[in-house]
Amino acid sequence: NKKNSNTALFSGKTAFKLYDTYGFPIDLTADVLKNSNKNIDMKEFEIQMSLQKEKSKQSWRGSYETYQNLNLNKILSELRPTNFLGYEQSFSEENILKIIVKNSEFKSLEDTKLQASLIFSSTPFYAEGGGQVADTGIIKNNSFLFHVVDTQKRTNNVYEHIGYLKKGKVVINTKAKLEVDFDRRKRIAAHHSATHLLHSSLRRVLGNHVSQKGSLVSETKLRFDISHPETISRDIIKEVETDINMQIINNYPVEFMNCKKEEALKMGAMAIFGEKYDNDVRVVQMGKSNNKPFSVELCGGIHVKNTGEIGLLKIISESSLASGIRRIEAVSGMLAVELFQSMEQNIHAIADSLSVASAKILDKVTKLVEEKKSLEKEVKIIKKEKNKNLNLQTKEVDLRDIKLNYIFFEEKDVRELKNLIDNLLSKKIKNIGIIIANNNNKVTIVIGLTHDLINNYNAVDLVRLATPILG
């Protein structure tokens with residue numbers, strides 16, 4: 001190629017490609033190049049060789065991980081699907097079927113540093129899915145304590161309880177107590193039920209074009225992504241919050257029903273587009289509006305028993321995620337109460353600093369803003385008059401039939417420079433004015449032209465030419 005024909009060094013990258021892709025030996029390439037008095041860039045060749053070796057290692061690691069996953073799938077495929085007990089209870093006593101470490105099966109576990117997984121035939125732990133985070137908690141008996149940090153649904157719907165041994169020794173085929181972190185689960189359940197109410201309210205207020213595009217339900221907040229073409233106004237946010245909190249205050253029962261998918265859809269249950277559902281589905285129904293359920297959705301997640309358990313809902317943010325997609329975040333229960341308490345504390349602090357009652361803050365701030373604008377206007381007028389009368393001691397350079405006047409300032413307000421350049425060029429002809437100001441080591445340049453030069457020169461272009469020189 002042109003690059004290699006015009007240099008004394010032959011590209012090491014090209015030499016490596018000849019070697020790696022076409023099997024052309026490096027010494028043979030070197031012999032051919034001797035006729036052209038060229039040498040191979042061996043440093044570049046060695047870099048390419050090192051990169052290729054690293055890729056090979058990564059590929060091997062990937063193959064090994066694939067093998068490991070296949071081994072785990074083989075272990076779990078021998079088991080029946082895990083029986084989920086979590087809709088009705090948060091603890092149970094079960095027999096340990098499997099202990100898995102690094103995708104391999106063990107009969108016991110004593111190492112507290114290794115991440116491990118315990119498998120049971122039944123569990124109260126909810127596995128992450130449908131936007132809801134996994135349950136955490138503990139598994140224990142008289143011989144050990146195991147902290148569950150994650151629960152995942154694997155091959156054949158087998159639940160994997162992932163975590164770390166804290167003390168003792170775990171042995172298969174022994175009984176253990178499974179205890180979900182109940183307080184955390186209650187917060188998750190409240191956010192999940194609140195998400196259903198939010199979805200329904202948004203459709204009622206904004207329109208049926210609203211559909212779920214993603215969600216996250218955790219113990220700290222709910223996040224809900226919807227299809228909607230524009231910013232949701234504060235007034236609408238307020239209307240939606242009121243709508244949902246009325247459902248919460250009325251403490252309606254949350255009802256659950258297992259049925260066929262077709263039957264559920266005929267009932268008006270909302271199914272999430274793109275979500276895969278079995279033929280047998282679970283319907284979650286809550287709230288009431290005009291003697292009809294406020295929300296009816298297909299859902300396999302954990303929910304409250306009554307809407308009152310949600311406590312309170314407060315939307316904390318509304319933003320754009322992508323074109324036509326809005327993201328809403330909210331908190332419920334004590335998290336919402338704590339948010340209101342924090343906001344109230346801030347309001348009182350502002351009121352104290354302004355020496356007014358909390359109810360008068362808006363009036364006081366509005367007055368202060370108006371006063372600030374008025375003072376800024378007065379200062380601007382004063383500075384403009386001052387600059388008009390300012391005798392600028394500029395330096396002058398003759399450029400053929402054009403004169404260039406320039407001046408330097410230290411710590412000059414950048415906003416004044418426009419008025420100063422007008423002053424500098426006042427009553428002049430065929431003149432270019434330059435003002436350079438240094439404020440805290442930040443250099444600003446302003447260039448102006450008299451009217452008779454505007455058709456021949458562009459001040460913006462001159463600034464672009466001067467900027468690199470000033471750094």
Side-chain angles (χ1 to χ4, degrees), residues 126-135 150-153 184-185 187-248 254 261 264-265 268-277 281-287 289 293-304 307 310-333 335-336 339:
Y126 179 84
E128 180 182 3
Q132 181 180 321
V133 297
D135 275 333
D150 192 13
T151 310
Q152 293 292 324
K153 192 184 293 187
R184 178 176 179 271
R185 173 185 273 192
R187 294 194 298 272
I188 294 169
H191 281 142
H192 203 153
S193 297
T195 301
H196 282 220
L197 294 176
L198 175 62
H199 190 186
S200 182
S201 181
L202 287 167
R203 286 173 63 87
R204 290 167 187 270
V205 175
L206 297 176
N208 289 333
H209 67 279
V210 170
S211 62
Q212 180 177 332
K213 295 300 179 184
S215 72
L216 171 68
V217 177
S218 74
E219 72 275 23
T220 58
K221 68 178 180 181
L222 70 86
R223 189 180 71 208
F224 196 58
D225 302 333
I226 62 165
S227 56
H228 188 63
E230 59 190 10
T231 301
I232 302 173
S233 70
R234 290 181 184 177
D235 286 342
I236 290 178
I237 291 290
K238 183 180 177 182
E239 184 179 351
V240 169
E241 284 180 338
T242 302
D243 201 20
I244 294 168
N245 283 308
M246 284 303 297
Q247 296 296 319
I248 293 170
V254 177
K261 187 171 113 176
L265 295 176
M270 277 194 289
I272 308 306
F273 180 77
E275 192 81 15
K276 291 182 179 179
Y277 297 97
V281 295
R282 181 170 179 258
V283 179
V284 180
Q285 180 176 296
M286 67 184 77
S289 177
F294 187 82
S295 168
V296 185
E297 288 195 33
L298 304 183
C299 182
I302 302 292
H303 288 271
V304 297
T307 58
I310 299 170
L312 173 69
L313 180 117
K314 180 74 181 89
I315 293 172
I316 57 176
S317 71
E318 187 278 338
S319 60
S320 173
L321 181 62
S323 178
I325 307 292
R326 308 301 300 180
R327 169 165 287 180
I328 296 170
E329 293 185 329
V331 291
S332 69
L335 290 169
L339 178 64

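Here the structure is a predicted model, which is why all the values come from computation and not from measurement. Hydrogens, waters and symmetry mates play no part in the numbers below; they use all other heavy atoms, side chains included.
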Quick check: closest heavy atoms across [X] and [Y], and the distance to 0.1 Å?
| X | Y | value |
| --- | --- | --- |
| A134 | E128 | CB-N, 3.6 Å |
| I310 | S193 | CD1-CB, 3.9 Å |
| A271 | L265 | CB-CD2, 4.0 Å |
| L198 | I244 | CA-CD1, 3.5 Å |
| K314 | L339 | CG-CD2, 3.7 Å |
| F294 | R204 | O-NH2, 3.0 Å |

What's the spacing between [X] [atom1] and [Y] [atom2] if we round to 0.5 Å?
| X | Y | atom1 | atom2 | answer |
| --- | --- | --- | --- | --- |
| M270 | E297 | CE | CD | 4.0 Å |
| R326 | T231 | CZ | OG1 | 4.0 Å |
| I188 | S218 | CD1 | OG | 7.0 Å |
| I236 | E318 | CD1 | CD | 9.5 Å |
| R203 | S211 | CZ | OG | 7.5 Å |
| R185 | Q132 | CZ | CD | 8.0 Å |

Measuring only between side-chain heavy atoms, which start at C-beta, is [X] closer than 4.5 Å to [Y]?
| X | Y | answer |
| --- | --- | --- |
| L197 | L313 | no |
| L335 | K221 | no |
| L298 | V283 | yes |
| P229 | H209 | yes |

Please check this pair: side chain of [X] against backbone of [Y], looking for a donor-acceptor N/O pair closer than 3.5 Å.
| X | Y | value |
| --- | --- | --- |
| R282 | G301 | yes |
| S215 | G131 | no |
| R327 | D225 | no |
| T307 | G287 | no |
| S295 | S200 | no |

* **Single hit among I232, I237, V240 for side-chain contact (heavy atoms from CB on, under 4.5 Å) with V205** =>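 Output: one option passes, namely V240.
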* Let me see the working for L216 and L222 under side-chain contact (heavy atoms from CB on, under 4.5 Å), right down to the final yes or no. => CA-CA 6 Å; L216 171 68; L222 70 86; over 6 Å; no
* Quick one: sort the H196 and H303 rings into parallel, tilted or perpendicular, breaks at 30° and 60°. =>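 Answer is perpendicular, since the angle exceeds 60°.
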* To do: Sort out for me which residue in H199, H192, H191 forms a ring pair (Phe, Tyr, Trp, His ring centres under 6.0 Å) with F224.
  =>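 Testing F224 for a ring pair (Phe, Tyr, Trp, His ring centres under 6.0 Å) against H199, H192, H191 leaves exactly one candidate, H199.
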